Amino acid sequence: MDALVWGQAQDGVLARIEIFNGGADSLESIWPLIGLQRAASVDESADVPEAEFHWAVDASEPVSMSMLESEFALFAAEHLSSGVAIHAALLEHLGRVLLLPGPSFIGKSSLAAAADAAGWNVLSDEYAVVDPLSYLVYGWPRHIKLREGQGWIRGASARAHEPHGVDLIAFLNFSSDDLIAGATALTVRHFEPGEAAMELLANTVCAQRRPKDSFIVASALARTTPAISGVRGEADRAIQSLAQLLAAAIGLT
């Protein structure tokens, strides 16, 4: 082991990272900007809490570092105390904000990359953080991570921004069906507030640790924000359709 680094989440839980074939500086580019701070070296012979997050990483292997980056971000998001993190992309276009909740492998990063190419502001491709008091939302600054084969490539960097209200929530699944991929690009239906609240809660990272805050945030967003559910085709064409829906979001309520 070449280095041992400790981190501390907002709720005080510790993370322990062992680094092989590299020094502590190899973590700089993937250390979460939100929710995790460097902790002083811990005397492991003393009576200290055991680290909940423990990772041994080979710094010379890009795939290993990329996996650590994903696990790092999830750990930090789950242990936030200042906000409630939702597994979602967060995109802004012409002053309006689109929330795209969904689990991994659903295509959030592909939509984020397409939005960036179309001139949108990408606020996050992975987590959106909601203030449990104001229900305003802010992003998770990092590079867009796009899967390629067994690994990842880095896209544009998400932009930091001031907290903002959400104007439209879209729950979208990807389909390669010819109709969706071709002429239609996006097929959606209005989502009732109760349905939207349940889906938001299912994608809330801290739902088990902070069930009350998670439920309040999911319910409030669903009650005050129009929501749609549907299937999309290729990301670049879906973004065009989403721009039109976002512009008309008020009419969806």
Side-chain angles (χ1 to χ4, degrees), residues 1-90 103-105 107-110 112-113 116-117 121-129 138-162 205-206 208-210:
M1 181 173 63
D2 298 316
L4 175 62
V5 177
W6 291 85
Q8 188 171 40
Q10 285 187 355
D11 64 0
V13 175
L14 294 174
R16 183 181 191 272
I17 304 96
E18 299 173 14
I19 306 169
F20 297 87
N21 297 318
D25 57 348
S26 62
L27 293 177
E28 290 301 325
S29 65
I30 65 171
W31 192 276
L33 297 178
I34 297 174
L36 191 67
Q37 63 180 0
R38 289 288 183 97
S41 297
V42 174
D43 180 1
E44 296 184 73
S45 65
D47 184 20
V48 297
E50 183 178 353
E52 182 169 319
F53 179 88
H54 183 185
W55 193 280
V57 60
D58 184 342
S60 67
E61 293 289 340
V63 172
S64 181
M65 293 297 288
S66 186
M67 290 177 64
L68 173 61
E69 182 178 18
S70 295
E71 294 293 331
F72 235 2
L74 177 59
F75 170 79
E78 185 179 6
H79 291 274
L80 289 177
S81 56
S82 61
V84 172
I86 297 174
H87 207 185
L90 190 66
S104 298
F105 302 103
K108 298 187 301 297
S109 294
S110 296
D116 178 71
N121 288 323
V122 177
L123 309 178
S124 177
D125 74 327
E126 188 69 9
Y127 300 109
V129 184
Y138 54 95
W140 190 274
R142 71 166 196 174
H143 288 276
I144 299 171
K145 290 185 67 176
L146 297 167
R147 287 180 175 82
E148 185 177 74
Q150 298 300 312
W152 290 265
I153 58 173
R154 285 189 167 204
S157 180
R159 299 170 177 85
H161 71 111
E162 295 299 317
V205 178
C206 62
Q208 293 185 342
R209 290 181 177 276
R210 297 166 58 197

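Note that this is a predicted model, so its numbers are computed, not measured.
Although no hydrogens or angles enter the test, the distance criterion places no donor-acceptor pair under 3.5 Å between the side chain of Asp125 and the main chain of Ala112. Panel note: side chain Glu18, backbone Leu4; no donor-acceptor pair is recorded below 3.5 Å. Arg210 places no side-chain N or O within 3.5 Å of a backbone atom of His79 that could act as its donor or acceptor partner. Lys108 places a side-chain N or O within donor-acceptor distance of the main-chain N or O of Pro103, the cut-off being under 3.5 Å.
Relative ring orientation between Phe75 and Phe53 is described as tilted, the plane-to-plane angle lying within the 30° to 60° band.
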Trace of the salt bridge (Lys or Arg N to Asp or Glu O under 4.0 Å) decision for Glu28 with Arg38: CA-CA 11 Å; Glu28 290 301 325; Arg38 289 288 183 97; 2.8 Å; yes

Step by step, would you call Val205 with Tyr127 a side-chain contact (heavy atoms from CB on, under 4.5 Å)? CA-CA 9 Å; Val205 178; Tyr127 300 109; 3.7 Å; yes

Please report the C-alpha distance between Trp6 and Ile17 in whole Å, then the side-chain angles of each, then the deciding distance to 0.1 Å, and finally whether the side-chain contact (heavy atoms from CB on, under 4.5 Å) criterion is met. CA-CA 6 Å; Trp6 291 85; Ile17 304 96; over 6 Å; no

Evaluate the side-chain contact (heavy atoms from CB on, under 4.5 Å) criterion for residues Val5 and Trp55: first the C-alpha distance (whole Å), next the side-chain angles of each, then the deciding distance (0.1 Å), finally the verdict. CA-CA 10 Å; Val5 177; Trp55 193 280; over 6 Å; no

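Interatomic distance, Asn21 CG to Ser60 OG, rounded to the nearest 0.5 Å: 4.5 Å. Rounding to the nearest 0.5 angstrom, the gap separating the CG atom in Asp58 from the CE atom in Met65 is 9.0 Å. For the atom pair CH2 of Trp31 and CG of Leu36, the computed distance is 4.5 Å after rounding to the nearest 0.5 Å. Between the OH atom in Tyr138 and the OG atom in Ser82 there is a gap of 4.0 Å [rounded to 0.5 Å]. Taken from CG in Asp25 to CG in Leu27, the straight-line distance is 8.5 Å, to the nearest 0.5 Å.
Proximity of Val129 to Leu80: side-chain heavy atoms (C-beta onward) are separated by under 4.5 Å at one or more points.
Taking Glu71 as the reference, nothing meets the salt bridge (Lys or Arg N to Asp or Glu O under 4.0 Å) condition, with sequence neighbours excluded.
Judged purely by distance below 3.5 Å, without hydrogens or angles, the side chains of Glu126 and Ser109 never pair a donor atom with an acceptor atom.
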